[in-house]
There are 2 protein chains.
Amino acid sequence: MAYRKTPAEISRLEAARDHLVVRATEVVAEVGWAQASVTAVADAAGIAAGSVYQHFPSKAALAVEVFRRAAGREVEVLGEVLHGPGDPVGRLARGTEVFARRALENRGLAYALLAAPAEPAVGAERLDFRRRYRALFAAVVREGIAAGALPPQNAEITAAALTGAIGEVLVDPLAAPDENATEALLADLTGTALRCAGAPPAT
Amino acid sequence: MAYRKTPAEISRLEAARDHLVVRATEVVAEVGWAQASVTAVADAAGIAAGSVYQHFPSKAALAVEVFRRAAGREVEVLGEVLHGPGDPVGRLARGTEVFARRALENRGLAYALLAAPAEPAVGAERLDFRRRYRALFAAVVREGIAAGALPPQNAEITAAALTGAIGEVLVDPLAAPDENATEALLADLTGTALRCAGAPPAT
DNA sequence: GGAAAGTCTGAATGATGGTTCACTTCTTTC
DNA sequence: GAAAGAAGTGAACCATCATTCAGACTTTCC
């Protein structure tokens with residue numbers, strides 16, 4: 001044996017992989033999936049196109065990793081708010097607001113995650129993550145029903161509706177942002193989300 | 001001059017174009033946009049690939065026409081229900097139901113129109129049609145507010161939420177239909193839609 | 001230092017699929 | 001029926017990328 005990966009070398013490779021994913025995410029956020037060619041991504045990461053294949057078996061695998069990391073962060077944040085302290089209705093409102101605010105603060109990425117045309121592998125991943133959003137919302141809705149704060153309803157359907165509603169409401173603002181209207185938009189959106197779940201109007 | 005298009009010839013050409021669009025729509029409904037290659041579509045229409053270009057300058061133009069026709073029908077039907085007779089809340093419920101029912105009856109096409117990955121030109125068209133759905137819903141919501149049947153709210157936001165909610169709720173059933181659960185699904189969906197707009201729960 | 005085992009490079013390769021075009025077939029008009 | 005003008009054909013063309021690979025360069029370890 002004349003070569004074994006030293007710890008330093010291993011972490012160097014991991015860092016390189018990481019850097020590639022980070023830069024690829026930036027490229028996707030800027031130009032969308034369709035324009036994020038292997039060459040463009042490799043250039044952004046400062047490596048040759050062929051080197052991408054040292055870290056990922058295919059472009060699709062890299063794209064999936066980019067999606068998973070970015071979407072995973074959002075699921076995590078949303079989950080923390082929805083499972084956090086407070087009454088279910090308040091958490092639902094806060095979760096909606098936090099989700100929307102984060103999307104508006106990182107529009108390119110949010111659009112890529114939510115709506116931008118993507119290759120099939122990413123599309124499948126998107127479906128999976130939407131299911132996770134739904135599961136998070138459904139849990140809170142069920143809590144709300146159990147606590148008597150929300151009327152009886154099919155929590156799964158409501159959760160799907162919330163996911164779709166929030167996404168659709170954000171599409172236009174993500175494309176053509178109006179900084180001044182952000183707070184009003186968030187207020188209207190959370191209000192609509194609460195109505196959607198059947199929360200009684202705020203006094 | 002030795003040749004001028006006779007009326008019969010003109011209508012034959014129009015019919016051929018029409019036939020191409022119809023068959024292309026079927027192909028898209030069956031296999032999705034990505035798999036609907038020019039060759040596949042031409043084969044389905046019984047013509048050569050090159051002949052497609054007698055009717056459309058590009059594949060994208062054909063795809064847009066397919067989308068417009070199919071989506072246009074849905075907008076028309078929805079518009080008739082939403083602008084039809086009855087109180088605004090009832091029309092909203094009925095519109096939601098009709099839209100969902102039609103989608104479930106023609107799942108492949110509905111999926112292609114609502115969610116399936118598509119080339120940019122079709123994506124742009126999709127955004128446009130979503131805007132039309134929103135406008136239709138927004139008008140009814142405004143009517144409901146004016147009539148005192150719905151609470152004050154930003155009708156545009158609610159309309160976007162309705163569009164997104166209905167679409168998202170349908171995605172799973174479109175992919176994995178459960179014939180037995182259709183009526184329950186429709187009831188839950190219309191219920192959620194009404195809550196979304198703030199209609200008081202049915203007694 | 002040097003051999004072994006990697007890593008990195010970037011031009012060549014290959015697959016895909018839209019588009020073109022020389023040619024054939026059909027319609028019109030006289 | 002024959003010339004002129006279209007429409008229809010489908011194999012060839014071409015552009016676009018993802019992917020590969022032979023060679024250059026690095027790191028490890030004796």
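Letters go in sequence order (proteins before strands), and every chain restarts at 1.
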K.L.:
Below 4.0 angstrom, which residues in residues 116-124 of chain B have at least one non-hydrogen atom near DNA chain C?
P.N.:
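Heavy-atom contacts with DNA chain C come from no residue of residues 116-124 of chain B; none.
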K.L.:
Could you list all the ring pair (Phe, Tyr, Trp, His ring centres under 6.0 Å) pairs where at least one residue sits in residues 161-185 of chain B, not counting sequence neighbours?
P.N.:
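Pairs touching residues 161-185 of chain B that pass the test: none.
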K.L.:
Tell me whether A/R107 contacts the main-chain N or O of A/A175 through its side chain, where contact means a donor paired with an acceptor under 3.5 Å.
P.N.:
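No: the side chain of A/R107 does not pair with the backbone of A/A175.
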K.L.:
Taking distance alone, no hydrogens or angles, what donor-acceptor pairs closer than 3.5 Å link side-chain atoms of residues 19-29 of chain A to residues at least two apart or in another chain?
P.N.:
{"from": "A/R23", "atom 1": "NH1", "to": "A/A44", "atom 2": "O", "distance (Å)": "2.9"}
{"from": "A/T25", "atom 1": "OG1", "to": "A/V21", "atom 2": "O", "distance (Å)": "2.7"}

K.L.:
Report the distance from atom CG of A/D18 to atom CZ of A/R69, rounding to the nearest 0.5 Å.
P.N.:
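It is 4.5 Å, given to the nearest 0.5 Å.
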K.L.:
By a strict heavy-atom criterion of less than 4.0 Å, which residues belonging to residues 13-33 of chain B are in contact with DNA chain C?
P.N.:
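Those residues whose heavy atoms fall under 4.0 Å from DNA chain C, taken from residues 13-33 of chain B, amount to none.
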K.L.:
Should the pair B/E156-B/R131 be classified as a salt bridge under the 4.0 Å nitrogen-to-oxygen rule?
P.N.:
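So B/E156 does not pair with B/R131 through a salt bridge.
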K.L.:
Is there a side-chain polar atom (N or O) of A/R12 under 4.0 Å from OP1 or OP2 of D/dT28?
P.N.:
no
K.L.:
Which pairs count as ring pair (Phe, Tyr, Trp, His ring centres under 6.0 Å) when at least one residue sits in residues 101-125 of chain B, sequence neighbours excluded?
P.N.:
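For residues 101-125 of chain B, and leaving out neighbouring residues, there are no ring pair (Phe, Tyr, Trp, His ring centres under 6.0 Å) pairs at all.
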K.L.:
How large an angle, rounded to 10°, do the end axes of the helix from C/dG1-D/dC30 to C/dC30-D/dG1 enclose when each is built from five base pairs?
P.N.:
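Inter-axis angle at the ends, rounded: 0°.
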K.L.:
What residue pairs, at least two apart or across chains, pass salt bridge (Lys or Arg N to Asp or Glu O under 4.0 Å) with a residue in residues 109-124 of chain A?
P.N.:
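Listed once each, the pairs would be none.
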K.L.:
For residues 27-72 of chain B, pull every pair meeting ring pair (Phe, Tyr, Trp, His ring centres under 6.0 Å), keeping only residues two or more places apart or in separate chains.
P.N.:
B/F67-B/F129
K.L.:
For B/S11, enumerate each residue passing the side chain to side chain contact (heavy atoms under 4.5 Å, CB included) test, keeping only those at least two apart in sequence or located in another chain.
P.N.:
none
K.L.:
Does any pair with a residue in residues 70-80 of chain B pass side chain to side chain donor-acceptor pair (under 3.5 Å), and if so which ones, sequence neighbours excluded?
P.N.:
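Side chain to side chain donor-acceptor pair (under 3.5 Å) check on residues 70-80 of chain B returns B/E74-B/R102.
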K.L.:
Output the distance between atom CG (A/L189) and atom CG (A/L170), rounded to the nearest 0.5 Å.
P.N.:
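Between A/L189 CG and A/L170 CG, I get 6.0 Å after rounding to 0.5 Å.
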K.L.:
Which residue pairs satisfy the ring pair (Phe, Tyr, Trp, His ring centres under 6.0 Å) criterion with at least one member in residues 81-106 of chain A, sequence neighbours excluded?
P.N.:
A/F99-A/Y133
K.L.:
Quick one, which residues of residues 35-70 of chain A touch DNA chain C with a heavy atom under 4.0 Å?
P.N.:
A/I47, A/A48, A/G50, A/S51, A/Q54
